[in-house]
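Step one of this worksheet: look at the structure below.
Just so you know, these numbers come straight off a predicted model, no measurement behind them. Basis for what follows: all heavy atoms, side chains included, without hydrogens, waters or symmetry-related copies. Note that the numbering runs from 1 along the sequence shown for the chain.
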Amino acid sequence: MKQYLLFDLDGTLTDPKEGITSSVQYALKAMGIEESDQDKLVPFIGPPLKDSFVEFYQMDEEQAELAVKKYRENFETVGLYQNKLYAGIPQMLRSLKEKGMHLAVASSKPTVFVERILEHFHIDRYFEVVVGSELDGTRVKKDEVVEETLRRLFGEKPVQKDQVYMIGDRKFDVEGAKALGVESVGVAYGYGGMEELKAAKADYIVRSVEELHKFLLRGTEERTSGRTVMLQRVWMMAYSFLMFILVRNVAMYALGLLFRYLGENFPGPVTNFLVVRDADGALESFTGNGATVITALAFIGGAMAIWGNAKLLLTKTAEDMRLTHLKEEPAGNYLLIGGAVVGAVLGLNLLFDLTGFISKSDAYQAVVKEQYAGALPVVLICYGIITPIAEELLFRGVIYGHMRRFLSITTAIMLSSFLFGLYHMNLIQGTYGLLIGCLMAWSYEYFGSFKLPVLIHIASNVLGSLLSYTAIAASGFLSWPVCMLCMVIALVCMLQLLRQKNVF
């Protein structure tokens, strides 16, 4: 949420088509040019008039100035009122003002006309500053308008550029914002359209007034809606967690009985893959592969138990996040998050090993012995893919999805990650789960896609499995310089991402 909002007028707050095009027709006629098709004059909406007469009708300086004079002759008496507010604009301005935001108009239209239009539609009371061009032809460029608007808004105080949006429908609005170092919000419902705004590299693009309203208000919603609603949300998280654990454990017990029955009654290659027999052919225990398969199937059962709630939360979260991710994420950012993940996963694994924490933890050693008892392909499928997806549905899909709706983003990330660490029931995996959990939840917010935490979780488990199943430590990889290098790579990648966007 930003506190200072600069709005263009034409094509953003009002639809001026009839008034502007009819006045352009009037000016062209005075210059001896007949233009019956008003749609051909739509490009005049937005940029400085003089520039448009020069560009579209090849007028020289003197002719263009005369055309502007004739345009204003008609516009100030007739065209000014051939205008209408876009539906929802008054309601949006009112709610923004009620949230304490500072609103201004930054238009290339002469200030005197802008003020009369705002008064005509009774929305002038919402704006602290109104800046347009001058009738003498000065301050017509959008960057000049934006600069003057910021000067009046902030006065003697330093301009907080990170707290400003320039909102408009044309490339000129985007260019003016970039020139002053503030972010731009393009409105595709105006006259520039989606393609023009994309080509101009608007920071964000919205498709309707309703979408703009939601976008500008994001982060201002009430975090709690009363004690009852909050308790309901806490219960839904607890219910989903308990159902996941209960169904997973019941499924694990039932599958154990099933596999034991199959092993005892149907000897053969398939059951030999799952169970261990003694010299007399009697079933002794499950193989590492059998135990791994049972665990994976049990996790699928747990995921199915919470799927309805997870799907609902994922849909709601996706809708909430869509308004903050209207701008397509640069491809380079996916490489950066990939570098951060690989660096963090390898760095943390090496750190725990080099410090001796792994060798000293009996609880962790027992978990590793159980998880990595199967063949590598089986482990990669079961622990590398299946269990991460199931756990992400619970922890980022349901738990974090609920928390971010009534807690701050920072608190939701930390608390959900703490629970994820606690869930692992041993200090090493708990610490690792807390740190990687923060990375997964943060990436969910940063990229606006549930796929990111899932892929990070999969990458984390796969890399961990590969480290455990290979003799990579014997090659000199297990060393402090390599550990520090991995950590630095992760930190540098994260800092590069943070420089571009702050999700908190």
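- Between the side chain of Asp15 and the backbone N or O of Lys84, no donor-acceptor pair lies under 3.5 Å.
- Seen from the ring of Phe215, Arg322 does not count as a face-on cation partner, given the 6.0 Å and 45° thresholds.
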Show the atom names and distances, to 0.1 Å, of all donor-acceptor pairs under 3.5 Å that link a side chain in residues 341-348 to residues at least two apart or in another chain.
none

>> Using ring pair (Phe, Tyr, Trp, His ring centres under 6.0 Å), reason through Tyr432 and Tyr364 one step at a time and then give a plain yes or no.
In response: CA-CA 12 Å; Tyr432 183 80; Tyr364 178 74; 9.1 Å; no
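- Residues Lys142 and Asp173 form a side-chain contact, since some pair of their non-hydrogen atoms from C-beta on lies under 4.5 Å apart.
- Partners of Trp235 under the ring-ring contact (aromatic ring centres under 6.0 Å, His included) rule, at least two apart in sequence or in another chain, are Tyr239.
- The closest donor-acceptor contact from the side chain of Ser361 to the backbone of Ile358 lies at 3.5 Å or more, if one exists at all.
- Taking the centre of each ring, Phe395 and Tyr400 stay at or above the 6.0 Å mark.
- Here Phe244 pairs with Phe299 under the ring-ring contact (aromatic ring centres under 6.0 Å, His included) rule; sequence neighbours left out.
- Glu319 and Lys316 are not joined by a salt bridge, as no carboxylate oxygen comes within less than 4.0 angstrom of a charged side-chain nitrogen.
- Two residues are said to be in side-chain contact when any heavy atoms from C-beta on lie closer than 4.5 Å; Arg170 and Asp8 fail this criterion.
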> Between Lys501 and Glu445, is a salt bridge (Lys or Arg N to Asp or Glu O under 4.0 Å) present by the stated rule, with each step listed?
Replying inline: CA-CA 11 Å; Lys501 182 167 56 180; Glu445 284 292 337; over 6 Å; no
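- His424 meets the ring-ring contact (aromatic ring centres under 6.0 Å, His included) test with Phe420; sequence neighbours excluded.
- A tilted orientation is assigned to the rings of Tyr4 and Phe154, their planes being inclined by 30° to 60°.
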> Step by step, would you call Leu217 with Met92 a side-chain contact (heavy atoms from CB on, under 4.5 Å)?
Replying inline: CA-CA 9 Å; Leu217 282 177; Met92 178 187 72; over 6 Å; no
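- Considering only heavy atoms from C-beta on, Val105 comes within 4.5 Å of Leu13 through its side chain.
- Remark: Lys451 does not engage Glu392 in a salt bridge, criterion side-chain N to carboxylate O under 4.0 Å.
- Residue pairs meeting the side chain to side chain donor-acceptor pair (under 3.5 Å) criterion with at least one member in residues 300-314, sequence neighbours excluded: Ser240-Asn309.
- No side-chain heavy atom of Thr292 sits under 4.5 Å from any side-chain heavy atom of Tyr372.
- A salt bridge is absent between Glu98 and Arg94: the closest approach of a Lys/Arg side-chain nitrogen to an acidic carboxylate oxygen does not fall below 4.0 angstrom.
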What donor-acceptor contacts under 3.5 angstrom involve side-chain atoms of residues 175-183, with partners at least two apart or in another chain?
from, atom 1, to, atom 2, distance (Å)
Lys178, NZ, Lys201, O, 2.9
Glu183, OE1, Lys2, NZ, 3.3

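- Under the 6.0 Å cut-off for aromatic ring centres, Tyr126 and Phe7 do not qualify, their centroids lying 6.0 Å or more apart.
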